[in-house]
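Values below: every heavy atom of this structure, side chains too, minus hydrogens, waters and symmetry copies. Only a predicted model underlies this, so the values are computations on that prediction, with no experimental measurement involved.
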Amino acid sequence: MTFDLKKTVNLPSKDLPMKGNLAQTEPQRLKRWLEADVYGKLRQARAGRPVFRLHDGPPYANGRIHMGTAFNKILKDFIVKSRAMMGFDTAYIPGYDCHGLPIETKVVKELEGKLAAKGVALTPLIIRREARSFAEHHINQMNRDFQRLGILGDWNNAYRTMSYDYEADILRTLAAFVRQGSVYRGLRPVHWSLGAQSALAEAELEYKDVVDPSIYVAFPLVTDPAAIAPELAGRDAAVVIWTTTPWTLPANLGISFGPDFDYVAVEIPTAADGDETSRAKTYIVAAKLLPDLAQKFGWTHLRTLATFKGAALDGKSARHPWLDRESRLMVGEHVTLEAGTGAVHTAPGHGMEDFVIGKRYGLEPYCPVDQRGVYTDEVAHFAGQQVFDANPGIIELLRQRGKLVFVEDYPHSYPHCWRTKTPTIFRATPQWFISMDAANLRHRAITEIARVQWLPPWGEERMRNMFINRGDWCISRQRAWGVPIAALRCQSCGTVHATADFMERVAEVFAQEGADAWYVRPATDFIPPGFACEHCGATDFEKEMDILDVWLDSGVSWQTMERAGLATPDEPAADVYIEGSDQYRGWFNSSLVVSLGLRGHAPYRAVITHGYVLDKDREKMSKSQGNVIEPQSLIETGGADLLRLWTASVDYTDDAPISEEILARIGDAYRKLRNTLCYLVNNLSDFDPKTDAVPFAELFEIDRWALVETNELTRRVRTAYEQYAFQAAYTALLNFCTTQLSSIYFDVLKDRLYTYAPKSYERRAAQTALHDIASSLIRLLAPMLAFTADEAWEKLTRNQVGSVHLAEFPAYDPERAQPELRARWETLLGVRSAALKELEQARAAGDLGSSLEAQVNLRAGGRLYEVLADYGAEALSLLLIVSRVTLEQMDADGLSVQVRPAPGVKCERCWHYETTVGEDPAFPTICHRCVRNVRAGWYPSGRSDGTTA
């Protein structure tokens, strides 16, 4: 019976399939993780170790996750998994933001029609109960979506801003600020959403490019102009203001000037055609801006009558362009000469700077606009009109009255409500505020910001500037779905009572019944015995019904880390926060204020921001434009590991483009990584590291080089993970797999793995290196390729040690740094590259096919010859994957490579061209090396007749 040589080749197993089938296999693996409680086992395994705390910024619980949400959660998972593999106890408690306008709007829209048909009124309590059910449903769905991404965490105990204990904590937080004297209620201009009919915080604004009318308006002086400058005696004069919000002119109470700026009074000749806009004897504008204004207005032949400082206008008066009302002339440091006329239209009820200077001059924050953005009855000519709709009429009225100096279109960026997408206005209303200065919060925040690590580093300056310039925090909202501000209003005199003790008393009820209790119970249930109005002594009160800004809700979230026993009040609650760059004005900001107020320090040691997910053209994704990629569809077709690998591949600190083409490239990268793992794992099916491993010192030099390179990879990748540089880790891992391993080591190793006897020293040495490399590589990949790495680990360890996510990273071994060996191999690989180039040219010329058909003659001099001679011709032939190498020494330094056909015939088994083929009659078609390996591996008793037993 003829001997089958194919059976003597050690082909790799198929334990780890080349095709991942991730969409099918990942859900099965996830199910096993959940059933085995891998997260719980991980916490147990790290118990007593140093704690690393990433605090989850809560996503809003109103729908399926989108690509941006998935991007954020995967980045967090990279951090949690990598820190766990560094040996830290890394608890991950997910969270959800539940209160707020989007859910309320959705619920109200669904309820209005149903309840109206039944004749039932839509009450706040009905809205709240339906909103809670809505959020609960979406939390369950989002939990499943996030887990499907391969994210491990305490999903059964995710914190929710609508849970009873959390709502109580929110109110206790407000009480703490009240106790410090930082909370006040007052009539102040706030950003007002016309769509939501509620006040907004800065964090709830988004800016859109719009085109508004830009108008220049003349305000005639009431004060004798001679009191400003003697040269103006006997003249009529008017101050020219500029505004891009004509609708605020009905609320004008003053005009502001820069006290140290130069202003000029200029005479404009009367137009021959009797144009009313040019009849004013004199116009007053800033001297610096006059040339540009004269050109814009078409003022020719003008004559400067007087020049004076803005301070000369202080305390004087002008007349409103059409109302019987004076406008106070004031000076303020907020005036600039960057645009306009240097004379700033001031409506204290419609702007914060206007409010501040108005307060200084005793002006009321007059605001004749209701919550819908409609003028009240007191506004002559425009009562009942929506403010933006009134702009054309106001401009026409100014033109008729001869007060319109100039009008043009003005493209600029304007604030909109980020929830309803409608434009906002500044509107003075009674609101609740946390002062930035009463308890020195502003200064403390700026000091604390300097102590935090910011990534990217520019985050520090951005955050600091926000606190330098931010106003007091408007914390009240005129909505139903949120935590109510527990305050009482005296029914006799209207005095509002908001004490810390009362709020804490109400919070105890919230902890047991939830914040719905404020809407279910009468006010008397909350009022302590003997409580009376401090102003009039009355004992009848009604509840205030404003709710708190949801940014206060999420700003309290760091307390969940203390509740879980992961932090103490004396330290930051989290080692790191990581969210999108919009959170500088949102969650990072509110969390810092709340933590400073309650604990005196920042809630985080480090803050990381990532960019937005965009399409391939770096445009925002939009369903209307058809450029949206949903994570669910991607996972269903390609698997979550593909999305995770894309996340690792991008510079997350910048905006991250994604598209089908980009994902196709990521798919190629994934296949390279998986093929590497398959090569490693499938060539180890008959290897037991406990009994078969070869000591490091006894390995082949190329094996030791591969392990030294793996050790260096470990150092680089661990450092990258420590620095949150996931793209650097990804690049290092991919390059290692494609270059050092696939293109060099694996290519050279095939001969030893496949053709040497199964238990031979040569093969076991190769397998020893492969096992060490596989063990290191799989663990280093695990934070990124959560499912694939776990599958490969299961095969490598024969499912004996549990999930890879319970393992730790390989340690960097300084003794394996071996710079001399790496330098030597840099030389050898340089020679290999030169030889491969000559071999490729010979193939292109048709002189040879496979490289094994070749003999390479090397001539070298100096140190290079010594390195090559020391390595040896036979070893060089394996390194170059040719049948033979000859080496000659030459006098000069350098290298000469010559390629020629190898002598001998092709060995049927190893495909080398050898002159020894046929020397053994029992094996007439194979070379002496293969004969030796066949006898050693398949004829241990020495039988060599070429037949099977």
>> Assess, by modelled atom type and distance only, whether the side chains of Trp33 and Gln147 contain a donor and an acceptor separated by less than 3.5 Å.
In response: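 Looking only at side-chain atoms, Gln147 and Trp33 do not form any donor-acceptor pair under 3.5 Å.
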Does [X] have more than 12 heavy atoms from other residues, nucleotides or ligands lying within 6.0 Å of its [atom1]?
X: Arg716; atom1: CZ; answer: no
X: Glu815; atom1: CD; answer: no
X: Glu826; atom1: CD; answer: no

Find out whether [X] and [Y] are in side-chain contact, i.e. whether some heavy atom of one side chain is under 4.5 Å from a heavy atom of the other.
X: Tyr761; Y: Tyr756; result: no
X: Phe696; Y: Asp772; result: no
X: Arg29; Y: Glu794; result: yes
X: Met142; Y: Lys73; result: no
X: Phe726; Y: Pro783; result: no

> Is the distance between the ring centroids of His610 and Tyr724 under 6.0 Å?
Replying inline: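 Distance test on ring centres: not under 6.0 Å, no.
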>> Taking the six-membered ring for Trp, are Phe736 and Tyr745 closer than 6.0 Å centroid to centroid?
In response: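 No, too far apart.
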> Are any side-chain N or O atoms of Tyr39 and backbone N or O atoms of Trp155, one a donor and one an acceptor, separated by less than 3.5 Å?
Replying inline: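 The answer is no, because no donor-acceptor pair under 3.5 Å joins these two groups.
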>> Between Asn21 (side chain only) and Gln24 (backbone N and O only), is there a donor and an acceptor less than 3.5 Å apart?
In response: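 Not confirmed, Asn21 side chain does not pair with Gln24 backbone.
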>> Can you confirm if the NZ or CZ of Arg148 lies within 45° of the ring axis of Phe787 and under 6.0 Å from the centre of its six-membered ring?
In response: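 Here Arg148 passes the 6.0 Å and 45° test against Phe787.
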>> As a test of understanding, state which of Trp587, Trp558, Tyr604 forms a ring pair (Phe, Tyr, Trp, His ring centres under 6.0 Å) with His55.
In response: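 Answer to the ring pair (Phe, Tyr, Trp, His ring centres under 6.0 Å) test with His55 among Trp587, Trp558, Tyr604: Trp587.
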